Amino acid sequence: MRVVFVHGACVRDGEWWWHRTAELLRRHGVASVSPELPSCVGAAGLAEDVAAVRQVLRDSDEPAIVVAHSYGGVVTAEAAAGAGAVRHLLLISSFLPEVGQTLSDFGDGAPAPFLDADPGTGTFGVRPELLADTFLHDCDADVRAEAPAHLARQSLRVTGQPVGAAAWHDIPSTYLVCAQDRGTPARRQREFARRAGRVVELDAGHHPFLSRPADIRDLLLSV
């Protein structure tokens, strides 16, 4: 079994965001990979993100668990569809779209206060001054210090492009609600989680794989 981690929006260096959980899994003999999403490093859109994850899933026929975080759930919904090696989806504080839905469908009609959108450059990103209090408030000082270097401005194209498949219809899934998340409120997560096969709650913020990696390891080893 291997784990494929799919990171969220507005970040780069996927391996860094998952490294604490990945190391704990490695000690249990479980390999993992963290593909980069092209929309976070250029003008690519959802299709390119889907293709990047799908390629990783096709690289091996070893049974896989796909772990999707936040925007990563939008990518995974399409990328994991029809991927025979995928045995389970773990969705962490994740959007869980139906076919035809877009990332913007999950908003409330106004830009989130912690995001900065720039139509001139066609990008959006997390406001660095709000990163720690919004997304990393339960992480240790080392993570809060290192995280800003791993932010990215992402292509706005991904916000309006519809998903072409919904893998969670056919693949067993677990949704992890992060009860202390200040970015995606728990009440919204619970709405998304209704589409998953199983729901688990953890008293953690938006990045439990950094703040509580042992809990994520144990959850993965149990599915």
Side-chain angles (χ1 to χ4, degrees), residues 5-11 14 35 37-40 42-54 66-83 86 89-127 130 134-135 151-179 181-201 205-207:
F5 292 115
V6 183
H7 67 73
C10 305
V11 302
L37 299 183
S39 68
C40 290
L46 177 61
E48 290 84 358
D49 289 348
V50 168
V53 175
R54 187 172 285 160
V66 181
V67 183
H69 178 236
S70 196
Y71 164 71
V74 176
V75 178
T76 297
E78 186 167 343
V86 179
L89 305 175
L90 173 59
L91 306 143
I92 300 178
S93 189
S94 175
F95 302 109
L96 192 53
E98 184 57 272
V99 174
Q101 285 192 296
T102 69
L103 181 61
S104 62
D105 290 336
F106 296 109
D108 58 6
F114 48 79
L115 293 178
D116 166 43
D118 183 354
T121 62
T123 64
F124 69 107
V126 174
R127 296 182 184 274
L130 299 180
T134 305
F135 296 110
L151 292 178
R153 293 197 65 82
Q154 186 167 3
S155 170
L156 276 168
R157 292 174 59 197
V158 302
T159 63
Q161 296 176 322
V163 171
W168 50 270
H169 279 299
D170 303 306
I171 301 173
S173 59
T174 298
Y175 194 107
L176 177 61
V177 174
C178 299
D181 194 334
R182 297 174 181 174
T184 305
R187 61 176 178 78
R188 297 299 311 281
Q189 296 176 57
R190 294 183 186 112
E191 293 172 6
F192 306 149
R194 293 172 186 166
R195 292 175 170 174
R198 174 191 179 206
V199 182
V200 177
E201 292 213 14
H206 193 66
H207 294 88

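Note that the coordinates shown come from a computational prediction; the quantities given were computed from them, not determined experimentally. Only this structure's heavy atoms are used, side chains among them; waters, hydrogens and symmetry mates stay out.
- We find the CD1-NE2 distance between I92 and H7 to be 14.0 Å, quoted to the nearest 0.5 Å.
- With hydrogens and angles ignored, the 3.5 Å screen pairs a side-chain donor or acceptor of Q154 with a backbone N or O of C10.
- Put simply, the side chain of F135 reaches to within 4.5 Å of the side chain of V126, judged on heavy atoms.
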Inset, instruction - Give the C-alpha distance, both sets of side-chain angles, the deciding distance and a yes or no for side-chain contact (heavy atoms from CB on, under 4.5 Å) between Y71 and D49. - result: CA-CA 11 Å; Y71 164 71; D49 289 348; 2.7 Å; yes
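- A44 approaches V158 most closely through the heavy-atom pair O-CG1, 4.4 Å.
- Here the closest heavy-atom approach between residue A77 and residue V163 is recorded as CB-CG1, 4.1 Å.
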Legend entry - Intermediate values then yes/no, side-chain contact (heavy atoms from CB on, under 4.5 Å), V200 and Y175: CA-CA 6 Å; V200 177; Y175 194 107; over 6 Å; no
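- Side chain of D170 to main chain of A167: no donor-acceptor pair is present (N/O by atom type, distance under 3.5 Å, no hydrogens or angles).
- The CZ atom of R188 sits 11.0 Å away from the OG atom of S93 when rounded to the nearest 0.5 Å.
- Under the 4.0 Å criterion applied to side-chain N and carboxylate O atoms, R190 and E201 are assigned as salt-bridge partners.
- Using bins of under 30°, 30° to 60° and over 60° for the plane-to-plane angle, the ring pair F106/F192 lands in the perpendicular bin.
- Of the possible polar contacts, none joining the S70 side chain to the G72 backbone as a donor-acceptor pair under 3.5 Å is found.
- Atoms CZ and CG, from R198 and L90 in turn, are 9.0 Å apart once rounded to the nearest 0.5 Å.
- Annotation for G45 and S39: closest pair O-CB, 4.2 Å, computed over non-hydrogen atoms.
- No hydrogens or angles considered: nothing links the side chains of T184 and Q189 as a donor-acceptor pair under 3.5 Å.
- Rounded to the nearest 0.5 angstrom, Q161 CD and S104 OG are separated by 10.5 Å.
- The two residues G100 and P162 come nearest to each other via the heavy atoms O-CB, 3.5 Å.
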Inset, instruction - Applying side-chain contact (heavy atoms from CB on, under 4.5 Å), run through L91 and S173 and close with a yes or a no. - result: CA-CA 7 Å; L91 306 143; S173 59; 4.3 Å; yes
Inset, instruction - Apply side-chain contact (heavy atoms from CB on, under 4.5 Å) to the pair H169 and R195, showing each step before the final yes or no. - result: CA-CA 8 Å; H169 279 299; R195 292 175 170 174; over 6 Å; no
Inset, instruction - Go through the steps for R153 and D118 under the test salt bridge (Lys or Arg N to Asp or Glu O under 4.0 Å), then give the verdict. - result: CA-CA 10 Å; R153 293 197 65 82; D118 183 354; 5.1 Å; no
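- Without hydrogens or angle criteria, H69 side chain to V6 main chain gives no donor-acceptor distance under 3.5 Å.
- For the residue pair L96 and Q101, the shortest heavy atom distance occurs at O-OE1, 4.4 Å.
- Atoms CG and CG, from L130 and L115 in turn, are 9.5 Å apart once rounded to the nearest 0.5 Å.
- A donor-acceptor distance shorter than 3.5 angstrom exists from the side chain of W168 to the backbone of P97, with no hydrogens or angles considered.
- To the nearest 0.5 angstrom, L103 atom CG is 9.0 Å from L46 atom CG.
- Between L37 and G8, the shortest heavy-atom contact is CD1-O, 4.4 Å.
- Residues V86 and L89 are in side-chain contact: their nearest non-hydrogen atoms beyond the backbone lie under 4.5 Å apart.
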